[in-house]
Protein chains: 2
Amino acid sequence: MSTKPLSTSSSDEGATVERGGSAAQRDRRRRILDATYALAAEGGFDAVQMRAVAEKADVALGTLYRYFPSKIHLLVSALGRQLDEDAPRLQERPVPGDTPADRVLFVLKRMARGMQGDPKLTEALTRAFMFADSTVTTEIDRVGASMTAIVTHAMRGEDSEAPVTEEEVAIARVLGDVWLATLVSWVTGRASAAETAAHMETAVRLVLR
Amino acid sequence: MSTKPLSTSSSDEGATVERGGSAAQRDRRRRILDATYALAAEGGFDAVQMRAVAEKADVALGTLYRYFPSKIHLLVSALGRQLDEDAPRLQERPVPGDTPADRVLFVLKRMARGMQGDPKLTEALTRAFMFADSTVTTEIDRVGASMTAIVTHAMRGEDSEAPVTEEEVAIARVLGDVWLATLVSWVTGRASAAETAAHMETAVRLVLR
DNA sequence: CACGGAACTGGAACGTGTTGCTGATTATGC
DNA sequence: GCATAATCAGCAACACGTTCCAGTTCCGTG
């Protein structure tokens with residue numbers, strides 16, 4: 001057991017550096033995630049090789065491992081950062097659509113379009129997500145929370161008041177599960193984009209009625 | 001591209017040997033799958049090491065790769081064989097329960113119990129399933145078909161007549177997706193058995209009503 | 001400023017999936 | 001029974017994730 005290298009200022013942040021550290025450290029972290037993102041977008045999961053990330057981010061391999069204890073953490077963190085950046089922008093305007101089903105379908109289809117425009121990136125992040133174990137729980141939970149937030153926000157339209165109900169969360173989680181499974185079959189080349197869209201639509205209409 | 005080593009007698013069987021070949025070959029295949037199964041049950045995904053499988057099955061590493069082109073194919077094939085053996089036995093008696101929801105929950109919980117009794121094995125097979133790419137489509141589809149068959153069979157109770165409807169298949173697929181996602185979070189240690197059971201129950205009640 | 005420890009670099013090394021090679025063994029057609 | 005091809009065992013080698021180590025640089029503190 002070696003010295004725990006970096007720690008977040010306030011809370012125990014599980015595995016990876018978040019906001020603490022010097023400016024140089026925050027910059028290294030950013031460079032690493034940028035490199036990861038670029039390599040993933042270019043060549044998918046297999047192209048995100050730790051040596052390549054380290055070189056592209058201009059850090060040593062050991063440093064990369066100090067920041068992210070595994071390739072999985074690295075990729076899941078990259079996905080987390082992306083969602084953190086996208087989520088607010090996606091939620092500023094009310095979602096168009098007359099029924100919850102319509103609105104949820106709207107946001108899911110928009111997400112699907114986004115991911116299908118970057119298939120390699122999507123493949124890399126999905127693979128990582130699927131391969132994650134309990135040491136990545138922190139990061140995964142963050143992604144899951146973003147996901148359900150997006151869906152529940154779409155379910156209720158204008159009246160974004162009142163706390164989210166149990167029922168709504170349950171529905172969002174089910175849809176999130178279907179989304180994930182569908183994503184996996186798309187990523188692994190077992191289903192076409194059209195099939196995934198149709199399947200998601202079926203699921204939404206089954207659950208929201 | 002080397003010579004295509006083994007081929008099924010009648011149809012193109014994608015990647016792995018099925019029933020063709022000599023008795024010795026069928027026996028080797030069986031030994032390999034047995035060894036895979038045993039190692040997986042004992043130590044999970046990581047314990048299924050190709051060298052170890054080869055040794056335990058008493059074949060050379062090259063031979064193992066001749067029969068199964070990758071570790072993933074190997075594990076998914078093992079899962080497929082297992083389902084093929086279990087599915088008929090599970091379907092001979094009508095499923096108890098008064099409503100489709102009750103019956104589906106019954107079979108899903110029975111499956112869950114089975115898998116939770118063999119956590120390492122389940123982990124290994126789930127991981128493989130998640131990591132599979134399009135070269136494993138044949139095997140994966142077989143598993144998916146078994147899964148939807150089990151669920152649709154449970155949805156309709158006694159009256160097992162009349163062809164399965166589109167709607168029923170759609171529902172079964174959605175439940176299969178939730179099942180898979182839930183399984184993944186259980187396998188990866190991000191959710192307890194009780195949580196997965198509760199979540200499945202919620203999903204079933206949402207979809208079947 | 002000088003010190004001391006944490007962080008970083010560069011690189012070697014290990015484990016495991018995968019591939020390639022060579023000679024022995026087995027099956028198959030005649 | 002034999003020639004020939006297919007199959008197999010045994011082994012070396014490669015790729016990539018991960019670990020480890022020795023030396024160097026950075027940075028806060030006395």
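A, B, ... follow the sequence lines: proteins, then strands. Residue 1 opens every chain.
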State which residues pass salt bridge (Lys or Arg N to Asp or Glu O under 4.0 Å) with Arg30(B); sequence neighbours excluded, sorted by chain then number. Asp27(B), Asp34(B)
Degree of bending, the helix from dC1(C)-dG30(D) to dC30(C)-dG1(D) (end axes from five pairs; round to 10°): 20°
Strictly under 3.5 Å: I want the nitrogen or oxygen pairs between protein and nucleotides 14-18 of chain C, one per line.
{"from": "dT16(C)", "atom 1": "OP1", "to": "Gln49(B)", "atom 2": "NE2", "distance (Å)": "3.0"}
{"from": "dG17(C)", "atom 1": "OP1", "to": "Val48(B)", "atom 2": "O", "distance (Å)": "3.4"}
{"from": "dG17(C)", "atom 1": "OP1", "to": "Lys71(B)", "atom 2": "NZ", "distance (Å)": "2.9"}
{"from": "dG17(C)", "atom 1": "OP2", "to": "Met50(B)", "atom 2": "N", "distance (Å)": "3.1"}
{"from": "dG17(C)", "atom 1": "N7", "to": "Arg51(B)", "atom 2": "NH1", "distance (Å)": "2.8"}
{"from": "dG17(C)", "atom 1": "O6", "to": "Arg51(B)", "atom 2": "NH2", "distance (Å)": "3.0"}
{"from": "dT18(C)", "atom 1": "OP2", "to": "Tyr65(B)", "atom 2": "OH", "distance (Å)": "3.0"}
{"from": "dT18(C)", "atom 1": "OP2", "to": "Lys71(B)", "atom 2": "N", "distance (Å)": "2.9"}
{"from": "dT18(C)", "atom 1": "O5'", "to": "Tyr65(B)", "atom 2": "OH", "distance (Å)": "3.4"}
{"from": "dT18(C)", "atom 1": "O4", "to": "Arg51(B)", "atom 2": "NH2", "distance (Å)": "2.9"}

Determine whether more than 12 heavy atoms belonging to other residues, nucleotides or ligands lie under 6.0 Å from atom CD of Glu166(A). no
Whole-Å distance, Phe131(A) CZ to dG17(D) C1', equals 11 Å
Using whole Å, what does the distance between atom P of nucleotide dT25(C) and atom CZ of Arg28(B) come to? 14 Å
For Ser70(B), check side chain to side chain donor-acceptor pair (under 3.5 Å) against everything at least two apart and list the hits. His73(B)
To the nearest angstrom, the CG-C1' distance between Asp58(B) and dA9(D) comes to 10 Å
Among dA7(C), dT7(D), dA9(D), the one nearest any side-chain atom of Ala60(B) is dA9(D)
Less than 3.5 Å apart, which donor and acceptor atoms pair up between the side chains of residues 110-122 of chain A and the rest of the protein, not counting sequence neighbours?
{"from": "Thr122(A)", "atom 1": "OG1", "to": "Met115(A)", "atom 2": "O", "distance (Å)": "2.8"}
{"from": "Thr122(A)", "atom 1": "OG1", "to": "Asp118(A)", "atom 2": "O", "distance (Å)": "3.0"}

Considering residues at least two apart in sequence or located in another chain, which fulfil the salt bridge (Lys or Arg N to Asp or Glu O under 4.0 Å) criterion with Arg89(A)? Asp86(A)
Nucleotide dC8(D), atom P - distance to CZ of Arg29(B) in whole Å: 13 Å
Which residues pass the side-chain contact (heavy atoms from CB on, under 4.5 Å) test with Leu33(A), sequence neighbours left out? Arg29(A), Phe68(A), Leu74(A), Ser77(A), Ala78(A), Arg81(A)
Name all residues meeting the salt bridge (Lys or Arg N to Asp or Glu O under 4.0 Å) criterion together with Lys109(B); count only those two or more places apart in sequence or in a different chain, and write none if there are none. Glu201(B)
List the atom of Ala132(B), the atom of Ile140(B), and the distance in Å for their closest heavy-atom pair. CB-CD1, 3.6 Å
Qualifying residues under ring pair (Phe, Tyr, Trp, His ring centres under 6.0 Å), relative to Phe45(A), sequence neighbours excluded: Phe131(B)
With Ala191(A) via side-chain contact (heavy atoms from CB on, under 4.5 Å) - residues at least two apart: Ser185(A), Glu195(A), Thr196(A)
Side-chain N or O of Tyr67(B) closer than 4.0 Å to phosphate OP1/OP2 of dC8(D): yes
Sub-3.5 Å pairs of nitrogen or oxygen atoms, protein against nucleotides 23-28 of chain D:
none

Please, which pairs that meet side chain to side chain donor-acceptor pair (under 3.5 Å) have at least one residue in residues 43-65 of chain B, sequence neighbours excluded? none
Starting at CZ of Arg127(A) and ending at P of dG17(D), how long is that distance when rounded to a whole Å? 14 Å
Between C1' of dA27(C) and CZ of Arg26(B), the distance in whole Å: 15 Å
